[in-house]
Protein chains: 2
Amino acid sequence: MTQSPWQPISPPKPPRPAKAPLTRERIVDAAMRLLVDHGYDAVSMRKVAQELGTGQASLYAHVANKSELDQLLVNRAAEQMEFPAEPDPERWQEQLKDCMREMLRVMRANPGVARAAIGQVPLGEQALLSTEKFLAILKAGNLPDQAAAWAVDLIPLYVTAVSFEETVQSASAWTPADLEGYVGRMRSYFEGLPADRFPLTLALAGALTSGSGGDERFEFGISVITAGLASLAEKP
Amino acid sequence: MTQSPWQPISPPKPPRPAKAPLTRERIVDAAMRLLVDHGYDAVSMRKVAQELGTGQASLYAHVANKSELDQLLVNRAAEQMEFPAEPDPERWQEQLKDCMREMLRVMRANPGVARAAIGQVPLGEQALLSTEKFLAILKAGNLPDQAAAWAVDLIPLYVTAVSFEETVQSASAWTPADLEGYVGRMRSYFEGLPADRFPLTLALAGALTSGSGGDERFEFGISVITAGLASLAEKP
DNA sequence: ACCTGAACACCGTTCAAGT
DNA sequence: ACCTGAACACCGTTCAAGT
């Protein structure tokens with residue numbers, strides 16, 4: 001390669017390369033940014049490419065398809081989960097519930113990640129490390145192998161479904177006041193049902209619409225699951 | 001209205017009107033047909049309109065949007081569920097499990113309906129009638145009102161999530177042989193993990209990949225939920 | 001009042017052509 | 001080998017124009 005004489009000193013290297021090379025890492029970074037800032041619907045191949053200043057076709061050199069990108073997002077979120085170091089047979093049930101709370105916390109902190117996770121078996125490294133953690137706690141609780149194995153399937157299924165439901169409902173960007181209005185309308189709807197065919201729905205209208213906003217429903221769910229699992233523990 | 005003399009006997013009504021008028025009912029019929037025959041992805045406003053020989057914009061005169069059409073599909077499927085007539089306090093747990101099995105049966109018979117149902121609170125008439133049925137069984141089991149109310153939220157959440165997972169996985173139209181191959185590869189993957197960081201995942205590789213095809217995982221899930229709920233029953 | 005064609009603003013994925 | 005523009009075959013929804 002020849003140097004032209006009127007440009008005797010060419011910059012040894014451009015101070016910053018105009019474009020950092022595209023990598024899986026950078027793609028997931030950009031996708032995660034879009035997810036957190038603008039929700040799951042904003043994570044399209046087009047918008048991720050745009051965020052990186054490239055064409056959408058370029059992504060396919062590093063990521064097989066959208067579904068793989070979704071899996072990578074789930075795995076990235078899993079990195080944020082912090083689980084207790086030492087499984088304790090004395091309080092495994094409380095530890096199990098704490099882990100489920102932690103899963104939900106991280107899913108809420110990355111709104112929309114549940115939509116990437118739902119229906120997929122999480123097989124990334126970080127996701128598997130949380131599986132390992134759950135297995136340790138369940139074995140500390142003396143669950144039979146098969147029960148522990150199926151439980152680590154059931155647990156993310158439940159937590160992901162709860163988070164998914166939340167993101168669908170908050171997709172309309174609800175304020176707490178909106179939520180209250182919605183819950184009120186739903187209660188009125190239940191209370192207006194014909195009493196002959198819906199006696200219980202009508203009688204329990206209050207209970208059915210209670211705990212829609214906060215964590216009570218979720219706390220109920222993880223208690224039911226934990227109690228159900230505990231009933232399967234082997235008595236030594 | 002005058003009769004022209006050279007056509008003294010006009011057909012009282014055209015034997016079949018060239019086009020039956022568009023109704024909600026007919027729209028849901030067509031959508032359901034597409035769902036069962038070609039899966040959830042085939043249920044688009046365009047294809048439903050095509051199936052009815054009309055333009056997609058015409059649908060919006062009868063259905064608010066795609067999400068409402070999804071809800072109507074879920075409700076239509078709910079019509080096919082058959083629940084026991086008489087809640088029996090002696091065997092409410094078995095009845096509860098039977099109802100969950102029936103929910104899954106109908107969702108499997110209408111493949112893809114889980115994808116229309118997930119994340120939505122089912123408020124159609126038929127869906128509410130099944131809620132009513134579940135409440136009756138739970139009250140027969142002596143559950144407190146609030147527990148029964150949250151349970152009828154938890155139960156469809158779980159069954160729908162299971163069915164959703166199945167439809168996602170069978171979206172690639174797997175034969176039993178394909179499934180076996182996939183499960184085998186997954187087991188090999190688990191067994192190849194580094195033993196220092198994934199000791200339990202490795203040790204339980206067999207259990208973790210067992211019951212992927214049939215009903216064992218689902219049976220485990222409904223047993224856990226039922227046992228957990230039973231632990232909340234009020235002792236009179 | 002109901003229906004329609006055409007358009008708008010999006011998708012995921014592929015592919016020939018560039019460097 | 002990696003990247004790109006442009007295209008393909010789709011989406012849900014809207015709207016002015018028809019009957």
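The sequence lines fix the lettering, A, B, ..., with proteins before strands; numbering per chain opens at 1. Scope of the values below: all heavy atoms of this structure, side chains included, with no hydrogens, waters or symmetry mates. Note that the structure is predicted; figures quoted are calculated from it, not measured.
Position along DNA chain D of the nearest nucleotide to A:Leu59 versus A:Gln56 favours A:Leu59 as the more 5'-ward residue.
Atom CD1 of A:Ile27 and atom P of D:dC3 are 9 Å apart (whole Å). One interatomic measurement links the two molecules: CD of A:Gln50 to P of D:dG5, which rounds to 12 Å at whole-angstrom precision. Rounded to an integer number of Å, the gap from A:Asp41 CG to D:dT13 C1' is 15 Å. Atom pair A:Asp70:CG and C:dC11:P shows a separation of 14 Å (rounding to whole Å applied). Atom NZ in A:Lys66 sits roughly 9 Å away from atom C1' in C:dG12 (whole-Å rounding). Spacing between atom OH of A:Tyr60 and atom P of C:dT13 amounts to 4 Å, rounded to whole angstrom units. Counting to the nearest Å, the C1' atom of D:dT4 and the CG atom of A:Leu22 are 12 Å from each other. Rounded to a whole Å, the OH atom of A:Tyr40 is 12 Å from the C1' atom of C:dC11.
A salt bridge does not link A:Arg33 to A:Asp29: none of the charged side-chain nitrogens sits closer than 4.0 Å to a carboxylate oxygen. The pair A:Arg101-A:Asp215 does not count as a salt bridge, with every side-chain nitrogen at least 4.0 angstrom from each carboxylate oxygen.
The one candidate from B:Leu59, B:Val28, B:Thr54 that meets the side chain to side chain contact (heavy atoms under 4.5 Å, CB included) condition with B:Val48 is B:Leu59.
The side chain of A:Lys47 contributes no N or O atom lying less than 4.0 Å from OP1 or OP2 of C:dC10. In this model, the phosphate group of C:dT4 is approached by a side-chain N or O of B:Ser58 to a distance below 4.0 Å at OP1 or OP2. For B:His62, no side-chain nitrogen or oxygen approaches OP1 or OP2 of C:dC2 to under 4.0 Å. Side-chain nitrogen and oxygen atoms of B:Ser44 include at least one within less than 4.0 Å of the OP1 or OP2 phosphate oxygen of D:dC11.
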- prompt: For DNA chain D, what dot-bracket results from Watson-Crick or G-U pairs at under 3.5 Å, with [ ] for crossers and | for inter-strand partners?
  reply: ||.|||||...|||||.||
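Counting only heavy atoms from C-beta on, B:Arg46 has its side chain closest to D:dG12 among C:dC15, D:dG12, C:dG12. With distances taken from any side-chain atom of A:Asn65 to the nucleotides C:dT13, D:dT4, D:dG12, the minimum falls on C:dT13.
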Distance-only donor-acceptor pairs under 3.5 Å for side chains of residues 117-130 of chain B, two or more places apart:
from, atom 1, to, atom 2, distance (Å)
B:Glu125, OE2, A:Arg197, NH1, 2.9
B:Glu125, OE2, A:Arg197, NH2, 2.5
B:Ser130, OG, B:Ala127, O, 2.7

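The environment of A:Glu82 atom CD is sparse: at most 12 non-hydrogen atoms of other residues, nucleotides or ligands sit within 6.0 angstrom. Shown here is B:Gln80, whose CD atom has more than 12 heavy atoms of other residues, nucleotides or ligands within 6.0 Å.
At a cut-off of 3.5 Å, with distance as the only test, no side-chain donor of A:Asp153 or A:Tyr158 sits close to an acceptor on the other residue.
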